Student: 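Have a look at this one.
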Amino acid sequence: MTDIHVPIQLPEFDLPEDKLAQDAEAPVERESSFASRALPKILAPLIVGILFVGGWEAAVRAYKIPYYVLPGPFTIVETLISDWGVLWASLLVTLTVTFQALFLAAFFGASLAILFSQSKLIEMSFFPYAVILQVTPIVAIAPLIIIWADDVRIALLICAWIVAFFPILSNTTLGLHSADHNLKNLFQLYRATRWQTLRFLKLPAAMPYFLAGLKISGGLSLIGAVVAEFVAGTGGRGSGLAYRILEAGFQLKIPRLFAALLLISLTGVVIFLIMSLISHLLLRTWHESAIRTEN
Amino acid sequence: MSVVPLRVPAAETAQEPLRLKPAVRLTKVSKRFSNGTLAVEDFSFAFPQHGFISLLGPSGCGKSTILRMIAGLNRPSSGRIDWPNAVHDAAGQPERNLAFVFQEATLMPWATAIANVMLPLRLAGVSKDEARERSQVALAQVGIDDFANAYPRELSGGMKMRVSIARAIVERPRVLLMDEPFAALDEITRFKLNKDLLRLWQESNFTVVFVTHSVFESVFLSQHVLLMAARPGRVMARVPVDAPYPRDELFRTSAVYNERCRMVLELLGQASGHD
């Protein structure tokens with residue numbers, strides 16, 4: 001009997017010690033965790049970046065590589081500044097097409113997904129065609145669209161939209177079907193109307209999926225806009241960054257080509273960050289993906 | 001089958017333990033699923049008004065199916081479910097006025113506790129302000145009004161279940177259907193919630209139909225325990241627990257409680273031996 005009592009009492013004795021040990025360790029752990037988690041996240045890629053750019057500059061200088069083959073980072077930044085007027089105008093054009101396409105993709109993707117969720121028949125009838133639209137390479141359809149559309153801007157918009165639209169459609173459709181089964185029963189029990197079920201249950205449940213789709217489509221709409229412009233190959237005043245790259249290539253203005261390339265990449269990164277921020281702001285109160293856990 | 005079957009004819013039970021018309025009456029209800037399984041066979045029982053009845057049995061005995069049929073989530077294959085006391089609407093459909101508590105709390109993760117409780121009222125077209133006020137009262141009734149603005153993920157399992165119960169009672173239902181609501185909780189939390197549920201039930205006048213697979217829980221809570229056997233799901237016996245309310249920890253250790261628990265356990269043992 002006493003054998004039983006001893007192990008029962010043991011934890012009582014251990015508990016304060018454990019707590020003390022934990023309390024003593026806690027601040028230390030916090031300090032080290034700040035140093036070992038937050039800083040490397042910024043520092044590590046920064047060091048890699050500096051090493052890479054430095055190595056690039058050094059190689060270009062050491063081997064005297066001509067600027068029309070591979071310009072050094074310095075030359076690229078110089079060009080970016082000296083050609084800013086042209087590049088900025090082009091960036092605006094590309095950005096306009098990208099965001100218009102993204103907005104339309106979000107609108108039509110979500111609307112179509114909602115329509116699909118209301119009727120299985122509509123979903124079955126149209127979803128395969130959405131897939132066909134998605135799997136056909138945009139480069140292959142772009143020339144047709146450019147012929148059909150009067151305005152090149154409209155043609156670019158359509159191309160970018162086709163690329164960006166599918167992830168939103170398929171993700172949102174999945175999300176609308178993903179509402180908890182018991183919650184669906186509950187809505188049925190309270191005799192919720194179709195509209196109420198959509199508004200209070202299905203749309204909130206689909207939100208994380210929609211936002212994940214939006215993140216993918218943000219990048220895709222930029223790619224769509226750039227690819228379509230390559231295919232269109234139209235120059236002049238209202239041309240975007242893709243045309244600047246083509247033009248710079250023809251004229252062997254390689255530093256400008258790199259500068260335009262740099263701008264496209266940065267734009268992509270910024271779009272991704274914006275979408276991540278939107279997603280975080282909308283989900284931070286409840287969704288697992290946006291919650292920081294202690295352990 | 002060696003069990004002395006205490007199978008109760010519907011008419012008899014309807015009169016016997018109650019003075020009033022039953023809240024809901026099931027007459028020879030059977031349910032066969034589309035895959036051919038006979039989930040419930042000839043279930044007859046009249047659930048008294050303001051009664052507390054437990055359905056107890058092993059998994060697969062159809063107790064949840066009965067609950068879902070009462071809720072109107074499943075249709076019986078044969079038999080009748082009527083609501084003798086309910087007001088009937090213009091189309092002749094009874095105003096069932098019931099609430100359901102699932103085994104999981106089944107809260108909307110994107111909504112705060114109070115917004116979750118407001119849901120039934122909002123769906124019924126109650127204005128936002130009134131719904132908020134009434135939900136606050138319901139949250140106070142289950143003792144967590146301090147957490148009205150917390151999100152479900154911030155609450156413990158027991159607290160989530162309290163929110164779920166608040167949501168069930170906010171519309172003042174006549175019948176509260178509970179499908180193993182405390183099965184996923186630890187025993188300490190479970191005892192607390194058992195007591196609080198009894199208090200809620202005494203304070204109001206709804207009928208509780210409580211599905212559980214815990215013998216001790218069913219005897220502690222209910223006036224009658226309906227023992228069910230599986231394959232096909234059917235009532236095997238009805239065990240009355242005629243101890244007065246309020247029941248508390250003292251009752252949990254009383255002779256009556258022990259004797260009833262033993263009786264139920266024996267009957268269950270015979271049933272599973274048969275299986």
Side-chain angles (χ1 to χ4, degrees), chain A residues 8 11-12 15 110 113-114 117-118 171-172 174-214 278-295, chain B residues 64 67-75 89 91 93-113 115-126 128 131 149-155 160 163-164 167-168 170-171 173 175-181 184:
Chain A
I8 289 172
E12 279 185 17
L15 205 68
I114 290 169
S117 78
Q118 295 302 303
N171 270 27
T172 313
L174 182 67
L176 288 167
H177 289 310
S178 75
D180 180 85
H181 191 72
N182 281 339
L183 272 174
K184 277 189 215 161
N185 277 337
L186 197 77
F187 273 70
Q188 199 186 331
L189 199 77
Y190 287 120
R191 295 179 177 172
T193 61
R194 226 167 226 269
W195 162 243
Q196 284 175 325
T197 311
L198 180 67
R199 192 186 145 199
F200 292 117
L201 178 63
K202 287 187 174 175
L203 286 182
M207 200 54 156
Y209 295 81
F210 168 73
L211 290 169
L214 199 64
I278 292 175
S279 172
H280 178 78
L281 288 178
L282 286 171
L283 300 182
R284 67 185 160 162
T285 49
W286 67 277
H287 199 254
E288 292 299 333
S289 67
I291 291 162
R292 259 183 233 155
T293 47
E294 296 283 326
N295 43 1
Chain B
S64 293
L67 218 57
R68 292 178 62 85
M69 284 192 290
I70 297 175
L73 294 172
N74 284 351
R75 275 176 182 286
D89 64 14
Q93 288 294 310
E95 291 259 358
R96 294 169 308 167
N97 199 355
L98 49 83
F100 205 111
V101 177
F102 298 90
Q103 184 178 340
E104 294 93 38
T106 314
L107 303 175
M108 302 179 290
W110 52 84
T112 56
N116 267 291
V117 178
M118 282 162 68
L119 179 75
L121 300 173
R122 298 289 288 147
L123 291 179
V126 176
K128 217 172 190 162
N149 293 315
Y151 283 87
R153 63 170 185 88
E154 298 166 321
L155 302 173
K160 274 188 235 174
V163 176
S164 191
R167 178 179 62 193
V170 75
E171 249 204 330
V175 176
L176 180 57
L177 306 168
M178 307 186 89
D179 191 2
E180 303 191 25

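Since the structure is predicted, the reported quantities are computational estimates derived from the model, not experimental observations. Below, read A as the first sequence line, B as the second, and so on, with proteins coming before strands; counting in each chain starts at 1.
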Student: Under 4.5 Å from any heavy atom of chain A, what part of B:Phe100 do you find: side chain, backbone, both or neither?
Tutor: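 Looking at B:Phe100, backbone and side chain both touch chain A.
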
Student: Short question: side chain of A:Arg194, backbone of A:Gln118 - any donor-acceptor pair under 3.5 Å?
Tutor: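 It does hold such a pair.
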
Student: Report which part of B:Glu171 has an atom under 4.5 Å of a heavy atom belonging to chain A: side chain, backbone, both, or neither.
Tutor: side chain

Student: Is A:Asp180 close to chain B through its backbone or its side chain, or both, or neither, when contacts mean heavy atoms under 4.5 Å?
Tutor: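 Contact with chain B: side chain only.
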
Student: Name the region of B:Glu154, side chain, backbone, both or neither, that has any atom closer than 4.5 Å to a heavy atom of chain A.
Tutor: neither

Student: Side chain, backbone, both or neither: which part of B:Leu107 has an atom under 4.5 Å from a heavy atom of chain A?
Tutor: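 For B:Leu107, the backbone is the part near chain A, not the side chain.
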
Student: Just wondering, do B:Trp110 and A:Pro208 contact through their side chains at under 4.5 Å, heavy atoms?
Tutor: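 Result no, sub-4.5 Å side-chain heavy-atom pair not found.
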
Student: So, do B:Asn74 and B:Met69 sit near enough that their side-chain heavy atoms are less than 4.5 Å apart?
Tutor: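 Yes, at least one pair of side-chain atoms sits under 4.5 Å.
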
Student: Just list the side-chain donor-acceptor pairs under 3.5 Å for residues 195-205 of chain A, sequence neighbours left out, or say none.
Tutor:
from, atom 1, to, atom 2, distance (Å)
A:Gln196, OE1, A:Thr193, N, 2.9
A:Gln196, OE1, A:Thr193, OG1, 3.4
A:Gln196, NE2, B:Leu123, O, 3.0
A:Thr197, OG1, A:Thr193, O, 2.8

Student: Under 4.5 Å heavy-atom distance to chain A, tell me which part of B:Ala99 shows up: side chain, backbone, both or neither.
Tutor: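 Its backbone and side chain both get close to chain A.
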
Student: Only counting residues at least two apart or in another chain, list the ones meeting side-chain contact (heavy atoms from CB on, under 4.5 Å) with A:Ala113.
Tutor: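 A:Ala113 satisfies side-chain contact (heavy atoms from CB on, under 4.5 Å) with A:Leu169, A:Thr172, A:Thr173, A:Leu176 once adjacent residues are dropped.
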
Student: Can you say whether B:Arg68 sits under 4.5 Å from chain A via the side chain, the backbone, both, or neither, judging by heavy atoms?
Tutor: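 Side chain of B:Arg68 only, per the 4.5 Å heavy-atom cut-off to chain A.
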
Student: Side chain to side chain contact (heavy atoms under 4.5 Å, CB included), that's the test. Do B:Leu119 and A:Leu186 meet it? Break it down for me.
Tutor: CA-CA 10 Å; B:Leu119 179 75; A:Leu186 197 77; 4.1 Å; yes

